[in-house]
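The structure appears below as structure tokens.
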Amino acid sequence: MKEFTLNADFGMTASDDGFTPYGIHTGDMIMFKAAEDFPTNGSLVAVSIDDGPVTLKRINFHGASMTCYLEGGSGKVPTIFIDDPNRLKIFGVAVSVIHSLVPVTE
């Protein structure tokens, strides 16, 4: 068997089914590489808005400006428009997902 290593700095457990369309399910461990620069358009990021809780969002930029919008994965949560990048703290960019082989029970 070949040795497996994660190229990640930290992980976060998915607490709901909001990113099921991206293959991330409740209880999955999302692995992140620490963000040294602003992420690329369309990246899944661990982000805090206005020093709030850290959450998983897809980040997209509007044109050449730093205006961006943050989306959940399922469309259940409204898109958040950010016109001041100083409101955001990007902790990392998602690089992999670890699925549990045992179903999550509440």
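Note that the structure is predicted; figures quoted are calculated from it, not measured.
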Do the side chains of K89 and D50 get close enough for a salt bridge, i.e. N-O under 4.0 angstrom?
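Not counted as a salt bridge, because no side-chain N and carboxylate O are separated by less than 4.0 Å.
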
What are the two closest heavy atoms between [X] and [Y], and how far apart are they?
{"X": "D9", "Y": "A34", "result": "OD2-N, 2.7 Å"}
{"X": "P21", "Y": "G73", "result": "CG-O, 3.5 Å"}
{"X": "G52", "Y": "S48", "result": "O-OG, 2.6 Å"}
{"X": "P85", "Y": "D83", "result": "CD-O, 3.9 Å"}
{"X": "E71", "Y": "N60", "result": "OE1-ND2, 2.9 Å"}
{"X": "A8", "Y": "V95", "result": "CB-CG2, 4.0 Å"}

Same apolar cluster: [X] and [Y], side chain cutoff 4.5 Å:
{"X": "I24", "Y": "M29", "value": "no"}
{"X": "I49", "Y": "F61", "value": "yes"}
{"X": "F91", "Y": "V97", "value": "yes"}
{"X": "F19", "Y": "V77", "value": "no"}

Derivation of the side chain to side chain contact (heavy atoms under 4.5 Å, CB included) call for T67 and I82
CA-CA 6 Å; T67 301; I82 304 290; over 6 Å; no

Of all residues at least two apart in sequence or in a different chain, which pass the side-chain hydrogen bond (donor to acceptor under 3.5 Å, both in side chains) check with Y69?
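Checked Y69 against side-chain hydrogen bond (donor to acceptor under 3.5 Å, both in side chains); zero matches.
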
List for me each residue that meets side-chain hydrogen bond (donor to acceptor under 3.5 Å, both in side chains) alongside H25, sequence neighbours excluded, and say none if there are none.
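With neighbours one apart ignored, the set is empty.
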
A side-chain contact here means heavy atoms from C-beta on lying under 4.5 Å apart; do [X] and [Y] qualify?
{"X": "D51", "Y": "R87", "answer": "no"}
{"X": "L56", "Y": "V45", "answer": "no"}
{"X": "K57", "Y": "L44", "answer": "no"}
{"X": "C68", "Y": "L88", "answer": "yes"}
{"X": "N7", "Y": "M31", "answer": "no"}
{"X": "V47", "Y": "V54", "answer": "no"}
{"X": "V93", "Y": "F32", "answer": "no"}
{"X": "I90", "Y": "I59", "answer": "yes"}

Tell me whether H99 at atom NE2 has more than 12 heavy atoms from other residues, nucleotides or ligands lying less than 6.0 Å away.
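Atom NE2 in H99 is packed in, count exceeds 12.
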
Could you walk me through whether I98 and D28 pass the side chain to side chain contact (heavy atoms under 4.5 Å, CB included) check?
CA-CA 6 Å; I98 301 170; D28 285 354; over 6 Å; no

Pairwise distance NZ(K33) to OG(S96) - rounded to 0.5 angstrom:
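Separation between the atoms: 11.0 Å.
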
Decide side chain to side chain contact (heavy atoms under 4.5 Å, CB included) for L70 and T79; before the verdict, give the C-alpha distance in whole Å, the side-chain angles of both, and the deciding distance to 0.1 Å.
CA-CA 6 Å; L70 302 169; T79 299; over 6 Å; no

